[in-house]
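Contents: one structure, followed by commentary.
One-based numbering along the sequence shown.
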Amino acid sequence: MTDKTRTCCFTGHRPTKLPWRYNENDVRCVLLKEKLYDIVEAVYLSGVRRFICGMAMGCDMYFCEILTELRNRFTDIIIEAAIPCETQADSWPEDQRQRYYQLLELCDEKTYVQRVYTSNCMMKRNKYMVDNSGVLIAVFDGTMGGTMRTVIYAKQQGLEIIQIEP
C-alpha cells in the first residue's frame, strides 16, 4: 500500500485552457514551469518521494518532465503514471503522442485505471490519484472542468493542496 503522506499527485489544465495553448516558449509558460519546478522540489524536500501523474497533455506533461529532471538529482523519486485508459493518447497530435510515450518509458510504474475508454475514465483516474496521495499540486485558474472537480474532491478528502495560477 502507498504511504499517502509521502505521495503527491498533480492536476492541471490542458493546452486548450492555457493562455499560451501549445506555445511552450511563451514567457508565461516558461515562468510556470520554473515555479512548478520549485514547488515540486520543495515538496520532495518536505519528505515526499512518490509522485503520481495523470499523463494528460499540457500541465501533466510539464509535471512529469520536471520529475524526470529532478530524479537526476534525487534518485529516490518514484514516478507513477496513472493512465485513465489504454487509448488515452490515440487521437493526440503526433508530437504530443511521441512525448507521451517517451515520458511513459521514464515512469517507474504504470497504473491503468481501466483498459477501455468511457466518459468517466478521466475522473476515475483523478480520484485514484487523490485517493493515493497526501498532497495535490494543481495548476488551476478557477474554470470549470476536470481540474476543478479534482481540486474539489481533494479538498473533500483532506489533502494538502498547493495551487498555482497558470
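Listed by first then second residue, pairs satisfying ring pair (Phe, Tyr, Trp, His ring centres under 6.0 Å) with a partner in residues 102-124 number zero, not counting sequence neighbours. Pairs of residues two or more places apart, or lying in two chains, never qualify as salt bridge (charged side-chain N to carboxylate O under 4.0 Å, His left out) while including a residue from residues 156-166.
Arg49 places no side-chain N or O within 3.5 Å of a backbone atom of Asp76 that could act as its donor or acceptor partner. With hydrogens and angles ignored, the 3.5 Å screen pairs a side-chain donor or acceptor of Arg6 with a backbone N or O of Gly47. Here the side chain of Lys110 pairs a donor or acceptor atom with the backbone of Leu104 at under 3.5 angstrom.
Note that CG of Leu36 is 11.0 Å distant from CD of Glu34, once rounded to the nearest 0.5 Å. One finds the SG atom of Cys59 at 5.5 Å from the CG atom of Leu32 (value rounded to the nearest 0.5 Å). In this structure, CZ on Phe10 lies 9.5 Å from CD1 on Ile39, to the nearest 0.5 angstrom. Distance check, rounded to the nearest 0.5 Å: CG of Asp38 to CG of Leu45 gives 10.5 Å.
Residues Val48 and Ser133 form no side-chain contact, since every pair of their non-hydrogen atoms from C-beta on lies 4.5 Å or further apart. For the pair Tyr101/Arg97, a side-chain contact is recorded, criterion being any heavy-atom separation below 4.5 Å from C-beta on. In this structure, Glu86 and Val116 have side chains that are not in contact, with every pair of non-hydrogen atoms separated by 4.5 Å or more. No side-chain heavy atom of Tyr153 sits under 4.5 Å from any side-chain heavy atom of Leu159.
Under the 4.5 Å side-chain heavy-atom criterion for Ile, Leu, Val, Met, Phe, Trp and Tyr, Ile66 and Ile77 are members of the same hydrophobic cluster. Note: the hydrophobic cluster containing Val43 does not contain Val130 (ILVMFWY, side chain heavy atoms under 4.5 Å, direct or indirect links). No continuous path of hydrophobic side-chain contacts links Met122 to Met55 [ILVMFWY only; heavy atoms under 4.5 Å].
By the side chain to side chain contact (heavy atoms under 4.5 Å, CB included) test, Tyr22 is found to be paired with Pro15, Met57, Gln96, residues two or more places apart in sequence or in another chain being considered. With sequence neighbours left out, the side-chain hydrogen bond (donor to acceptor under 3.5 Å, both in side chains) criterion links Thr111 to Glu80. Applying the ring pair (Phe, Tyr, Trp, His ring centres under 6.0 Å) test to Tyr44 and every residue at least two apart in sequence or in another chain returns Phe74. With sequence neighbours excluded, the residues that form a side chain to side chain contact (heavy atoms under 4.5 Å, CB included) with Asp95 are Pro93. Remark: Tyr100 pairs with Trp92 by the ring pair (Phe, Tyr, Trp, His ring centres under 6.0 Å) rule, at least two apart or across chains. Applying the side chain to side chain contact (heavy atoms under 4.5 Å, CB included) criterion to Glu65, with sequence neighbours excluded, gives Arg99, Leu103. The side chain to side chain contact (heavy atoms under 4.5 Å, CB included) search around Ile78 returns Arg50, Asp108, Glu109, not counting sequence neighbours. With sequence neighbours left out, Gln157 forms a side-chain hydrogen bond (donor to acceptor under 3.5 Å, both in side chains) with no residue at all. Listed by chain and number, the residues in a side-chain hydrogen bond (donor to acceptor under 3.5 Å, both in side chains) with Gln98 are Glu94 (sequence neighbours excluded).
Counting non-hydrogen atoms of other residues, nucleotides and ligands closer than 6.0 Å to NZ of Lys155 gives a total of 12 or fewer. For NZ of Lys127, the number of neighbouring non-hydrogen atoms (other residues, nucleotides, ligands) closer than 6.0 Å is 12 at most.
Of all non-hydrogen atoms in Gly54 and Met129, the two that sit nearest each other are N-SD, 3.5 Å. Contact record, Phe63 with Ile52: CE2-O, 3.7 Å, taken as the closest heavy-atom pair. Across all their heavy atoms, Ile79 and Cys64 have their closest contact at CG2-SG, 4.3 Å. The minimum heavy-atom distance linking Leu70 with Glu41 is given by the pair CD1-N, 3.9 Å. Asn132 and Tyr128 get closest at one heavy-atom pair: ND2-O, 2.8 Å. Residue Gln114 comes nearest to Cys121 through the heavy atom pair NE2-CB, 3.3 Å, listed as atom of the first residue, atom of the second, then distance.
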Can you give me every donor-acceptor pair (side chain of residues 137-152, partner residue at least two apart or in another chain, under 3.5 Å) with its distance?
| from | atom 1 | to | atom 2 | distance (Å) |
| --- | --- | --- | --- | --- |
| Asp141 | OD1 | His13 | NE2 | 3.0 |
| Asp141 | OD1 | Thr143 | N | 3.0 |
| Asp141 | OD1 | Thr143 | OG1 | 2.7 |
| Thr147 | OG1 | Gly12 | O | 3.2 |
| Thr150 | OG1 | Asn126 | ND2 | 2.9 |
| Thr150 | OG1 | Gly146 | O | 2.8 |

